[in-house]
Amino acid sequence: MTDLAIIGGSGFSKLEELEITRREVIHTPYGEPSAPVAHGVFKNKKVAFLPRHGTAHTIPPHKVNYRANIWALKHIGAKRIVAIAAVGGIGADMAPGVIAIPDQIIDYTYCRDHTYFEHDLSQVTHIDFTHPYSESLRQNLIAVAKKVGIPVVDNGIYGATQGPRLETAMEINRMERDGCTLVGMTGMPETSLARELELEYACCAVVANWAAGRGDGPITMKEIEAHIGRGMEQVITLIAALLGSLK
Ligand code: HPA
């Protein structure tokens, strides 16, 4: 039984701290996941790791097979997922370098395979998605962050955009009016698919840049990579603390 599944985002294609015991290639009814699932041990807990963008970071957000990824994690017996994601900051408290644990999401994506409920339509299924993230997993992350002294913003409204292009300044203004405080390209349909399969799912969002129109000048990959690098070290500490807290 896996204690925790981790989906790694940009800048997090490997979890060096994981002592990998085996890699499992999983073929799903929905196609191939982004990579084999790496099973291993971290902090004496059984951890499964899946890099969302592939082992060599070659799969852009709109091409990720979210259904296969989440199905694969369910298949290996995972009950909880922490998804790591690089995001842009919209809210004033979401400056580059901040780590946030979002509590809400707004979906602006399109043309993504976004549900498992499309074959047996004898019974149409509408999952409850009022609170899209697992509140217990979120609170657990927030509590361990406090314990190990990693500052996190304990909320966030994640606006999930289609990508791979970044947004226009006006799109970000609109998203802010909608209430978004973070913007990223991978939050949906990953979050709702996890709910469809009844998995506990929380997101650890690393703010890599000010969203379009909010910083000085254009957004550069260099800026994004620099902040991700620093943020990910903290995320690893956070995950280690989370694993330590799991019964
Ligand atoms: N927009 C969308 N996705 C992102 C951003 C952004 O500004 N930064 C990192 N991922």
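Predicted, not measured: the structure shown is a model, and the values here were computed from it. Just so you know, ligand 1 is whichever comes first in the structure, and atom 1 is the first atom listed for that ligand.
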Pair S34, N65: side-chain N/O donor-acceptor within cut-off below 3.5 Å: no
For E118, enumerate each residue passing the salt bridge (Lys or Arg N to Asp or Glu O under 4.0 Å) test, keeping only those at least two apart in sequence or located in another chain. R67
Could you check atom 10 (N) of ligand 1 against the protein and tell me its nearest heavy-atom contact, residue, atom and distance included? A86 O, 3.4 Å
Under the side-chain contact (heavy atoms from CB on, under 4.5 Å) test, residues paired with M221 that sit two or more places apart: I224, E225
min-distance protein heavy atom vs atom 3 (N) of ligand 1 -> G184 CA, 3.5 Å
Atom 1 (N) of ligand 1 - nearest protein heavy atom and its distance: E167 OE1, 2.8 Å
Select one of side chain, backbone, both or neither to describe which atoms of L166 lie under 4.0 Å from any atom of ligand 1, heavy atoms only. side chain
Nearest protein heavy atom with distance in Å, relative to atom 4 (C) of ligand 1: V183 O, 3.7 Å
What heavy-atom pair brings V206 and G231 nearest, and what distance separates the two atoms? CG1-CA, 3.8 Å
Per-atom contacts, ligand 1 versus M185 - under 4.0 Å to a heavy atom: 2 (C), 3 (N)
What orientation do Y30 and Y116 show, parallel under 30°, tilted 30 to 60°, or perpendicular over 60°? perpendicular
Answer yes or no: is there a donor N or O on one side and an acceptor on the other, between the side chain of E196 and the main chain of L193, under 3.5 Å? no
Judged by heavy atoms only, the candidate from N209, I219, I224 nearest atom 7 (O) of ligand 1 is N209
Can you tell me which residue and heavy atom of the protein come closest to atom 5 (C) of ligand 1, and the distance to 0.1 Å? G88 N, 3.4 Å
